[in-house]
Amino acid sequence: MFIKIYDKLVETLYPFVIHPYIQKRLKNGKEDTSRHNERLGEPELPRPQGKLIWFHGASVGESLSMLPLIHKLLDENKDYNIMVTTGTITSAELMAKRLPPRAFHQYIPIDNPKFVKSFIQYWQPDIALWFESEFWPAMLGEIKKNNIPLILVNGRISNKTFKRWKLFSFVSKELLSCFKLCLGQSDEDARRLKIIGAKKALCLGNLKYAGFNPPVDKEKKADILAQIGQRPTWGVISTHNDEEAQIGKKIAKIKAQIPNLLTIVTPRHPQRGNDIQQQLNALGLKTALRTKHEKITPETDVYIADTIGEVGIWYDITPIVFIGGSLIPHGGQNFIEPCRFHDSVLVGPFTHNFTDAMNRAKKANAVIQVKNTEQLSKEVLKLLQDKEYLQTYQEKAYEWATSEAKVLDGISDVIKEYL
């Protein structure tokens, strides 16, 4: 009943509210104008022959977590083709670089009954794998109507989401009834999914543990290393607004003891590069911005790598990595990737986006969690000055990350059962 009401409401409001909103996004560069027809359920690519497995994820994080499973399924069956849908320009650009042959990207259509019906009728996927916890009613209803097996993969139900869904259980039960199976990131996620209405929910592990390392362009890496020379470095990765300024205020203190130190900052949202440079310059730091093609000189304090798809280079170059989104109440970004690069990994106090993974990593003594930038600067100094301390955390991080990667086989086997 809820989905039917939702569909009617969207159809009514679309010309007056949703359409103007989308036009505003197009004007502001938040939608891909060259491929906007895909958002209207009007694809231009032909449907490939054979079985088509559809992966959907909200943005970059979900897209990256899909890659190992995509490769595994394609490697094991030459008749499979895979379509990946996302909603952001950044994720589309990333997928264009990272998807293997027989896999392709499309934008998810706007959740309008007309658009999703056109999308489903055109592509006719054999199975749909949902990699996000945002449930689009029109799309889920259309998938169910067409008897397409739908599986929630790596589902995460935060405390806030759980409380909200419990208040509106009549909605969550109807939406979750569209899923044949819900796979939670953790046992707690699976338990919560059952409570809010999943028919069948279980945990096989967190697929992000099995992720591929981001690619490393050898030529670009060699160029950066030539600019750095023998200088000690550390990375401040996937930062959010205000984190750069917080850490920037401590860089001079660290450099007082490590004079040649170079800090490499990669913002979560690369378009913030110019703003970050202005903030750090105002603190008296000498910076270089990658998108301006500014070189690293002996005087450079901070190198701002405001690009997409190059994070593997920074993980590979820096032995010490702080993962952003964790000094502010955002909840943290993926700290598992640098562990696989044999880095010593630090995070701030806010890691609730990765509660289960963080608990497991801390139990294995694989990461260093700090309360504030004062503690962060002390830990960075210790890691830079004590090689044995550094190597201990590098090894523990790597051992933990590789031991957790076995989840891939279990999830792959379950998906093949539904195919």
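Just so you know, these numbers use all the heavy atoms, side chains as well, and skip hydrogens, waters and symmetry mates.
- The existence of a salt bridge linking D409 and K72 is confirmed by a sub-4.0 Å separation between a basic side-chain nitrogen and an acidic carboxylate oxygen.
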> Checking side-chain contact (heavy atoms from CB on, under 4.5 Å) for the pair K200/I151: CA distance, chi angles, key distance, verdict?
Replying inline: CA-CA 10 Å; K200 184 179 180 182; I151 299 176; over 6 Å; no
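- Proximity of the aromatic rings of W400 and Y209 is defined here by a centroid distance below 6.0 angstrom, and this criterion is met.
- Ring centroids of F104 and W123 are separated by less than 6.0 Å, placing the two rings close together.
- Ring geometry for H342 versus Y398: interplanar angle under 30°, hence parallel rather than tilted (30 to 60°).
- Taking a cutoff of 4.0 Å between a charged side-chain nitrogen and a carboxylate oxygen, E93 and K97 do not qualify as a salt bridge.
- For L26, the side chain to side chain contact (heavy atoms under 4.5 Å, CB included) criterion is met by I22, Q23, E31, T33, H36, not counting sequence neighbours.
- H240 is linked by a ring-ring contact (aromatic ring centres under 6.0 Å, His included) to H269, H330, counting only residues two or more places apart in sequence or in another chain.
- Ion pairing of R272 with D242 is absent here, as no side-chain N (NZ or NE/NH1/NH2) approaches a carboxylate O to less than 4.0 Å.
- For Y107 and H105, the ring centers sit closer than 6.0 Å to each other.
- Checked for salt-bridge contact, E379 and K382 miss the test: no charged N lies under 4.0 Å from a carboxylate O.
- Residue A305 comes nearest to P267 through the heavy atom pair O-CD, 3.8 Å, listed as atom of the first residue, atom of the second, then distance.
- Using a 4.0 Å cut-off between charged nitrogen and carboxylate oxygen, K253 and E374 count as a salt-bridge pair.
- For F115 and F119, the ring centers sit 6.0 Å or farther from each other.
- Judged by distance alone, with hydrogens and angles left aside, the side-chain atoms of N154 form no donor-acceptor pair with the main-chain N or O of Q185 at under 3.5 Å.
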